[in-house]
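Quick notes on the structure that follows.
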Amino acid sequence: MKIVGVSACPTGIAHTYMAAEALEKCGKELGYEVKIETQGIEIENILTPQEIEEADLVIIACAKNVDLTRFEGKRVIEVPIDKAVKNARQIIMDAVEGKNISIFHLAEEEKEQKNQQTGVYKHLMTGVNFMLPFVIAGGILIACSFMFGIHAGDPNDPSYNILAAAFNKIGGEVAFGLMVPVLAAGVAYSIAGKPGICSGMVAGMLAKSIGAGFIGGLAGAFIAGYLTLFLLKQIHLPKSIQSLKGLIIVPLLSTCITGFIMIFIIGTPVKFLLDTLSTFLNNMGTTNGIWIGLLIGMMMASDMGGPINKAISTFSIALMSSGVYGPIAACMVAGMTPPLGLALATVLFKQRFTVEEREAGKSCWVLGLSYITEGAIPFAVADPFRVIPSLMAGSAIAAAISLGAGCTSLAPHGGIWILPIPNVIGNLPMYVVALLAGSIVTCFCVAFLKRKNNYEL
């Protein structure tokens with residue numbers, strides 16, 4: 001039996017490749033030929049038309065929208081990408097037995113049903129996937145401007161540096177400024193396809209100009225997307241002018257209606273809500289910071305790149321557009337802690353880990369330092385009731401110290417590699433303390449909870 005498939009996660013980094021590796025490895029063990037196309041930052045291991053034609057099954061493990069038109073008429077099973085990472089063997093066995101299999105067709109009614117079945121989380125993650133390149137590029141370019149010591153944009157200011165000002169304009173004003181509009185456009189596109197992009201982008205731009213920020217942008221995105229979808233269903237035109245519906249009529253109506261809703265209904269109350277939240281987060285004391293940090297840390301480590309992790313990290317990234325930089329710093333340190341704590345544990349307490357786990361621990365050093373929390377997944381899958389609580393404890397401590405000490409980050413990603421850039425991390429010494437403390441807590445919690453099995457050293 002030949003099996004092909006596609007794996008894709010919102011960030012296109014860890015889950016994409018871990019799911020593909022797990023499916024291919026388990027398929028080989030079960031005696032099947034499996035090839036998984038990875039749609040990460042780049043599309044790799046691309047499926048050829050002949051391979052798709054010869055395939056008996058197609059496995060789609062994606063957390064964002066992907067083009068499935070080439071699988072017309074094939075037997076397809078769709079699964080959450082985190083399930084593919086953790087239970088690849090069971091997925092393949094179920095697919096071979098015909099469980100949860102459907103024949104993929106491109107009929108209009110089925111496409112509309114599929115749009116309705118994708119769910120809010122998948123729409124949100126598609127928007128995040130659109131947004132991330134702008135956030136990461138913008139954040140790092142802003143960080144680069146601080147390398148030159150920029151303090152003001154006024155050319156008459158003694159600290160003015162033309163190169164630093166250029167970095168700041170490209171990254172801060174333009175790339176970072178497009179974060180909310182692009183997020184909204186991505187969400188609307190996920191819901192309604194290309195006709196939703198215009199109204200979604202306009203909703204995001206209006207949210208930005210009104211001051212409703214990411215909360216207003218998200219609200220506008222879902223209004224734009226579902227309104228566009230509704231209009232596509234309700235408006236019927238003769239075939240001779242059918243193309244006008246998706247190209248002109250629906251985008252025009254959806255954009256106009258969404259815009260009026262944003263200006264006259266959503267804007268003011270959402271702006272008030274966001275301003276209140278931003279003020280609270282920017283002025284919270286040590287005690288509040290510790291409690292919120294504990295919550296952020298536990299959420300980051302609870303599913304290691306899954307829906308809960310993505311939800312809190314997306315929320316924290318979005319807060320950056322409102323000038324709140326503490327939560328994203330807490331997210332990043334809490335995300336680095338799980339792999340680093342496990343890597344340390346495999347060195348200090350070797351007898352509690354198998355040879356394979358100790359080898360995996362070596363890669364966890366690099367993954368942890370790079371803020372790729374998913375490096376901890378193999379350990380959590382093998383022993384969830386001991387490992388996951390340990391990871392949550394360590395990440396909670398790290399995030400609590402970070403927020404409690406007032407640490408901030410101007411970059412949303414990059415891990416330890418952005419720490420040497422001047423002024424990117426606020427209160428850098430305590431941030432390093434948070435990272436070390438969280439990693440050590442994780443290490444010793446794992447060592448305490450896991451049994452001493454005296455594996456071969």
Side-chain angles (χ1 to χ4, degrees), residues 9-16 18 40-41 63-64 81-82 85 120-140 176 179-180 182-183 186-187 213-215 217-218 277 281 292-322 324-340 367-377 380 388 391-392 394-396 398-400 402-403 407-418 424-425 431 434-435 438:
C9 68
T11 57
I13 302 175
H15 269 69
T16 298
M18 294 173 72
I41 296 174
K64 65 178 183 180
I81 192 166
D82 57 332
V85 173
V120 171
Y121 175 73
K122 193 166 186 178
H123 298 322
L124 178 61
M125 286 299 101
T126 301
V128 170
N129 185 55
F130 274 57
M131 175 189 72
L132 274 177
F134 291 84
V135 177
I136 294 173
I140 292 176
F176 224 67
M179 179 175 71
V180 173
V182 170
L183 170 67
V187 170
F214 77 96
I215 296 177
L218 277 180
L277 177 62
L281 291 173
I292 296 174
L294 288 170
L295 178 61
I296 288 176
M298 288 188 288
M299 292 178 70
M300 285 295 293
S302 62
D303 59 356
M304 295 151 287
I308 299 174
N309 174 291
K310 288 291 188 294
I312 189 61
S313 59
T314 299
F315 178 76
S316 300
I317 287 172
L319 283 172
M320 297 176 73
S321 66
S322 302
V324 181
Y325 301 103
I328 191 59
C331 278
M332 186 154 59
V333 76
M336 290 190 283
T337 295
L340 290 176
L367 294 173
L369 293 174
S370 302
Y371 181 31
I372 300 177
T373 316
E374 289 87 342
I377 288 178
I388 293 177
L391 304 183
M392 292 175 68
S395 291
S402 176
L403 261 185
C407 299
T408 58
S409 175
L410 295 177
H413 211 289
I416 199 173
W417 313 115
I418 63 169
V424 173
I425 300 294
Y431 198 67
L435 181 60

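Side-chain atoms are counted along with the backbone in the values below, which use heavy atoms only and exclude waters and symmetry mates.
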From L319 atom CG to I328 atom CD1, the distance as rounded to the nearest 0.5 Å = 9.0 Å
query = At their closest point, which heavy atom of L183 faces which heavy atom of V128, and how far apart are they?
reply = CD1-N, 3.7 Å
inquiry  = Determine whether a donor-acceptor pair (N or O, by modelled atom type, separation under 3.5 Å) exists between the side chain of S409 and the backbone of A329.
reply    = no
message = I need the minimum non-hydrogen distance between L391 and A301, along with the two atoms involved.
response = O-CB, 3.5 Å
task = Could I get the full list of ring pair (Phe, Tyr, Trp, His ring centres under 6.0 Å) partners for Y431, not counting sequence neighbours?
result = none
query = Hey, mind stepping through M179 and F214 against side-chain contact (heavy atoms from CB on, under 4.5 Å) and telling me if it holds?
reply = CA-CA 9 Å; M179 179 175 71; F214 77 96; 5.8 Å; no
message = If I take atom CZ from residue F176 and atom CG from residue L410, how far apart are they, to the nearest 0.5 angstrom?
response = 8.5 Å
Partners passing side chain to side chain contact (heavy atoms under 4.5 Å, CB included) against N309 (at least two apart in sequence or in another chain) = M300, D303, S313, T373
inquiry  = I need the M18 CE to I372 CD1 distance, nearest 0.5 Å.
reply    = 10.0 Å
Nearest atoms (heavy-atom pairs only) where A380 meets I388 = CB-CG1, 3.9 Å
ask   = How long is the span from the CD1 atom in I308 to the OG atom in S302, to the nearest 0.5 Å?
value = 4.0 Å
query = Does the side chain of T337 come within less than 4.5 Å of L435's, by heavy atoms?
reply = yes
request  = With rounding to the nearest 0.5 Å, note down the distance linking CG in L295 to CD1 in I312.
outcome  = 6.5 Å
query = Is I377 close to D82 at the side-chain level, that is, under 4.5 Å between some pair of heavy atoms?
reply = no
remark   = Between L403 and I292, the two heavy atoms sitting closest are CD1-CG2, 3.7 Å
request  = Taking atom OH of Y371 as the centre, report whether more than 12 heavy atoms of other residues, nucleotides or ligands fall under 6.0 Å from it.
outcome  = yes
ask   = OH of Y325 to CD1 of I317: how many Å apart, nearest 0.5 Å?
value = 13.0 Å
ask   = T16 and C9: which non-hydrogen atoms are nearest, and at how many Å?
value = OG1-N, 2.9 Å
request  = Considering non-hydrogen atoms only, spot the tightest contact between A398 and G438 and give its length.
outcome  = CB-CA, 4.0 Å
